[in-house]
Amino acid sequence: MELGNDLRYAWRQLRRSPGFAVTAVLTLALGIGATTTMFSVVDQVLLRPLPFDHPSQLVAITEASYEKDAATSGGGISLPDAEDWQTRSHTLQAVAYYTFNMPIVGGIDHPHSKPQLPSSANFLSTLGVQPALGRGFVATENRGAASHVAVLGAEAWRTLLNSDPKVIGRTITLNGTPHTIIGVMPESFRFQGGSDFILTPLDISQKVIQDRSGGVLNVIGRLRPGSTAEDATREMAGIKQQNLRSYPGKERDTRVLVENYARSLTRSVRPGLLTLNGLVLAVWLLAAINVAGLLLTRTQGRRREIAVRAALGAGSSRLLRQFLVESFLLSLVGGALGLAITSAALRVSRTYLANTFQNGDTIHIDANVCVYVLVASGVSALLFGILPALQAAHLPILTGLREGSAGAGTSRRQSMTRDTIVTVEVALSLLLLVAAGVMARTLFEMQRRPLGFNPEKVVTAELMLPQKNYWFVSAGPSNAKSIVTALIEPMLIRIRQLPGVTAAGVTTVRPLRTNWTFLDEVRFAGHPKPDPHHAQNTNVRAATSDYFRAMGVSLKEGRLFSADDSVGAPLVAVVNETFTRQIDGARSPVGMQIEASEAGAHKYATIVGVVADARQDMNESVKPELLLNLGQMSPAVDDLYPILVSFHLDLVVRAQTQPEALIPAITRIVHDLNPAVGVNHAELMQTSVDDTMGSQTLAARLLTLFAVAALVIAAAGLYGLLAYQVTQQIRDFGIRIALGAQRNDVLWLVLRRAIVLISVGASLGIAASLGFSRIARSVLSGVDVHNILLVIEAVTALLAVTCITAGYLPARRAAQTDPMQALRHE
Amino acid sequence: MIDIRNLERSYKTGAGQTWVLRRIDLKIDRGEFVTLMGPSGAGKSSLLNAIALLDDQWLGEYYFDGDPVHAMGRKQRAELAKRSMGMVFQSYHLLDELTVAENIDLPLSYKNMPRAERQALVADTLDRFNIVGKKDLFPSQLSGGQQQLVGIARAVIHNPALLLADEPTGNLHSEQAKEIMELFKELNRQGTTILQVTHSETNASYGNRLLEVRDGWLVNDSSNPRLNAAQESTTR
């Protein structure tokens, strides 16, 4: 009942002071909304358990060279290694593996490519999931024709077969090979961020998979109860050592890393996410501190009311409760508005989240988030409400009852409390501004670096090539049909004849296609084989001669591919500028020979030119790149042919006007030559550039928004404090002016106080910013000292100007005091 | 009812002390209507505040109905004040955000009284003071006299044994002041002990005992000729 009275009274108080109420609610909404938005992301990405049985037991197993950090450079595993771990491990109760393919799916209305996960028969049982319809794989289905079965992900079932309830037993073709559908996964099962995939057993009878020195598989293990990832790491290392002795020259000498599977999925995003989370919490804290300052001022103005209540019998606990109820009401309203802000923020950044995080498209407001808002509101209320409530509860009665006591002075302790609040606000604001400024500047610098190519009037398309088996399986040199002669050359000839086309080329991976990459070790002819611990890698791609002109990549040194570089001629290649800077001994690489195959006519490729760095990823610096002449490659001669050429290609066409109008004609040309080729993501290259930059720009803009909000909050806090203090000291100013003080003397008196507070706050903020910068340099790429110091200088100046302006307004009011009015006020 | 012995109150001012009450000895019986008078700064309000237990920094002995207030802790004193005293202020001190009925109910809300009982008491009080029609109005909608009336209603709703009033008519014109003083007289007639501080001789005439305070000393007591005689002999 009394709580009801307190709530009713609190509501009336807020309605009587709409300015204060709106300011406090908006401030809280911003703080709570920001932190709730962050929680939504962190909860889905980092905290929510994976939808598997006992997910904490699942581990990812990778291998890497000893030199490099295994956590960031882990590579694939060979099948023999995976089978050894399965049979010989005591720490793992199950070892499963999978790889990735992109076949053309036939037997449906509109054949197109779809992700395929060839996997071990125990893949689903290791994850601890079962199909919702039908069954999973059995052990005998991993060889030959028995492996021609498939389990569909829920989204694949929907898109391929319209969720046909009679799907079990239906047949689809994968690259022309019929597969019988035996199961459909439940809606809740998502793997690698989605459910739009086809699971099939991996046919382990293929000889190439048995190669111990090859590493094409992704491996997941399930720990035995009581075992840890560290135990498994030690055990795998022991098995590796035994295999090195048993299979010399075949077993790869690499480090094995066993890591919690959920952690492995979020490794790359965790540092940035946690840094952002810290900044958002700072915004929340700032909002709470600001509202605390507002409430403290308000409590002073309510001293008469508090004294009357105490005189009428209200004990200190009763007063404490009343003021905390007011705080909770403010906080709940702020929290509700904050939830609306969260909803809007998640909606606006949906694309960015989907592109940045696995399962990012599923981030939404759910029960967890609502509970978080309630908790955040409650904690906020305590944070900002407890100090004013305690002050109210212990206000001396007589002081409050004295005539005109609504403005009857401020104790030194109260004054110091408010000064501290403003100082902390200024410090936090500066920290937030610096953090946002550094991250935004780093992002923008990354994006403003030259693209290295000219996306204007260029259209690209992804070509998914049909295969008999898997991408890593060679068709055999004697009977393999060369895609170059069968598809690429005739396709380009016809495309070049289309109206308006000025250049057309093909590459295996175009710029900004971040989900495809192939790294190979750099070995120069005439140089000793590098120590595995000091091996250097480069991105390896292949391209036709006209690709560079089509994509607008400029030549820097030497020459590009020419008509003289025919099939029978020595294999040639070009490298990018980063290759010359980062690869030891390649400062002027034209003329150098680099290993491209184990043996044969194309054992080495001769580097004939250096091209400009074309950005591979907008958020990372350019990596070394070697481009082989695609026109010279064939399955009979080139070891890299199956990996580079037989799976995925990017077509690039430059036209004089409206290149997007050429897309239907291009698609027709491709399908005329081979109807089984999938043509995906045909679009303007500029669109691709804009989409990539758009996502990252959104992140930087959000950060900047937080920081600007922090600046506004700090300035408002400083203004409020000084304005209140000027009101308290009107009588003093009147006396000073009556005794001969000039207006400027009074102005300076008030402004000096503001400058002192700003200086102290800024000093604390700079110290905190320098601490932040150390963290930022270790977790974010591209952050340098010069950037940080520049931002600190700029932000300090901005903050000083803003806060001094905020302080100037009440100072001017003080200077305009009419002494007669002020003394009558007494 | 009230027995005060050697009551003193001082404030620290710089390096020294300023005495606002000096060796006050005072007895007030149940049912008396006592007026405190004296020049500004004499200590009248200080004495009133000490008796009302709004101020607890005094020294000396203070017995209320035989209970030693000077030996009580803060909570006990607060309970005593809540139970047995009501305060009327010169500035009314009504809460602007509460209606007339809610203002009157306020002291009851701090007593852990069942809601129904409180509502009944408020209704009775509104009726008693003839302000039923104004129960949903806010203080800003009332005249000064009406506000003071509400202040008095609030002070007596819990039937305190002692009503203290600090310049209750200081902000009212004479007609309103007369109404208020008539009300005090009626309350006193009904058994409430009243102690008022006033500058007005007219208001003082409503009481049946007059105390004069000067420079912190109790110098005159109309019911204690010996005190008056002691003062006269001192001044002679």
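Below, chains carry the letters A, B, ... as their sequence lines are ordered, and counting in each starts from 1. Predicted model only: the values in this text are computed from it and were never measured.
Scanning all heavy atoms of the two residues, the minimum distance from R154(B) to V308(A) falls at NH1-CG1, 3.7 Å. Between N5(A) and R118(B), the shortest heavy-atom contact is ND2-NH2, 3.6 Å.
If you measure heavy-atom distances from E102(B) to chain A, the contacts under 4.5 Å come from the side chain alone. Using a 4.5 Å cut-off between heavy atoms, L106(B) contacts chain A through its side chain alone, with no backbone atom that close. Both the backbone and the side chain of D55(B) come within contact range of chain A, each with at least one heavy atom under 4.5 Å from a heavy atom of that chain. Heavy atoms closer than 4.5 Å to chain B are found in both the backbone and the side chain of R309(A). For L53(B), no part sits under 4.5 Å from any heavy atom of chain A, backbone or side chain.
Pairs of residues two or more places apart, or lying in two chains, never qualify as ring-ring contact (aromatic ring centres under 6.0 Å, His included) while including a residue from residues 101-139 of chain B.
One finds the CD1 atom of I157(B) at 11.0 Å from the CG atom of L312(A) (value rounded to the nearest 0.5 Å). Residue D96(B) holds its CG atom at 9.5 Å from CD of Q13(A), rounded to the nearest 0.5 Å.
Annotation: R74(B), atom CZ; neighbour count of heavy atoms from other residues, nucleotides and ligands within 6.0 Å does not exceed 12. Annotation for E201(B): atom CD does not count as buried by contact number, only 12 or fewer foreign heavy atoms lying within 6.0 Å. Shown here is W11(A), whose CH2 atom has no more than 12 heavy atoms of other residues, nucleotides or ligands within 6.0 Å. The neighbour count for R813(A) CZ, taken as heavy atoms of other residues, nucleotides or ligands under 6.0 Å away, is above 12.
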